[in-house]
Amino acid sequence: AHWGASWGSLVAGVTLALLLSLVLSLAIGLFSLRVKAIFYAMITLAVASGFQTLASQLSDLTGGEDGLTFRNPEWLQPSFEPFDAPVLGLTVDGRLLTYALIYVVVWTLFLVLLRIVNSPFGSVLQAIRDAESRVMFSGYSPLPYKLSIWVISAVMRGVAGALYVPQVGIINPSEMSPANSIEIAIWAAVGGRATLIGPIVGAFMVNGAKSWLTVVAPEYWLYVLGALFIAVTLYMPQGVMGLLASARQRWFAAKGGAR
């Protein structure tokens, strides 16, 4: 099965992804956020696995294991070239326009997140992250804040998924596997969990390694991914951005001492 090549299909897909992400994340978050640590991880991974199985079985709706294909609107198709000659040395085609659309959306969402982090709501979230019990003693109930940011993050992931399909042209249940969820968590761990830019850096690093290793030795990729996660957790818990921040602090301290 496939969706038609029109802007209406693209808008409908993104809208549906937002609505489903909102409803499902709200329902799942109401019970999963009441537990902590390993139990929380187990519930979320079990839900991902359950939805993957469900999507495989609902073949009339999802296309089953074959999935759904999607034809982009004309402007986003690789064969589309609005200019006869390169612009600033670049050949402007549908694929480049697709990347430009994704780029704009990513940085728009980044600015939204930056605004959230620097708001009173974001301050409470950071306090919950650092010392949830103290927040409770201060008279705040952590659950509404955790549920709110859970839903916001799910909606943003829905947007990411909706924009992933026009890039690759197909979506199937394997994209919902727990392994993909773990890989995304590793992006954040490698880049830096306590920063906004960290997961973006981690995504580039992990996917760069994946692109190379899956060509050279594809059977070892998951082993390398697991080892990378363990190594980062044990020896670089703040990720790459934390390592750079520490190096910068030491450099400024040494420079100040030299004076």
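In this text the structure is predicted, and so the values were computed from the model without any measurement. Heavy atoms only: backbone and side chains are in, while hydrogens, waters and symmetry mates are out.
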Check your understanding: Can you name the residues that form a side-chain contact (heavy atoms from CB on, under 4.5 Å) with P178, not counting sequence neighbours?
Key -> L45, S49, Q52

Review point. Donor-acceptor pair, Q126 side chain versus V117 backbone, under 3.5 Å?
Key: yes

Review point. Under 3.5 Å, side chain of S56 to main-chain N/O of G64, donor-acceptor pair present?
Key: no

Please report the shortest heavy-atom distance between [X] and [Y], naming the atom on each side.
X	Y	value
V87	F83	CG2-CD1, 3.8 Å
S211	T214	O-OG1, 3.5 Å
M241	I197	CE-CG2, 3.4 Å
G89	P86	C-CB, 4.1 Å
V105	L163	CG1-CD1, 3.5 Å
A189	F229	CB-CE1, 3.9 Å

Check your understanding: Relative to the ring of W107, is the ring of F110 parallel (under 30°), tilted (30 to 60°) or perpendicular (over 60°)?
Key -> perpendicular

Exercise for review: Hey, can you tell me if F121 and Y145 have their rings parallel, tilted or perpendicular (30° and 60° cut-offs)?
Suggested key: parallel

Check your understanding: Which residue pairs pass the side chain to side chain donor-acceptor pair (under 3.5 Å) test when at least one of the two sits in residues 153-162, sequence neighbours left out?
Key -> S153-R157

Exercise for review: Sorted by first residue and then second, give each side chain to side chain donor-acceptor pair (under 3.5 Å) pair with at least one member in residues 164-173; sequence neighbours left out.
Suggested key: Y164-E175, N172-S174

Review point. When rounded to the nearest 0.5 angstrom, what distance separates OH in Y103 from OG1 in T108?
Key: 10.0 Å

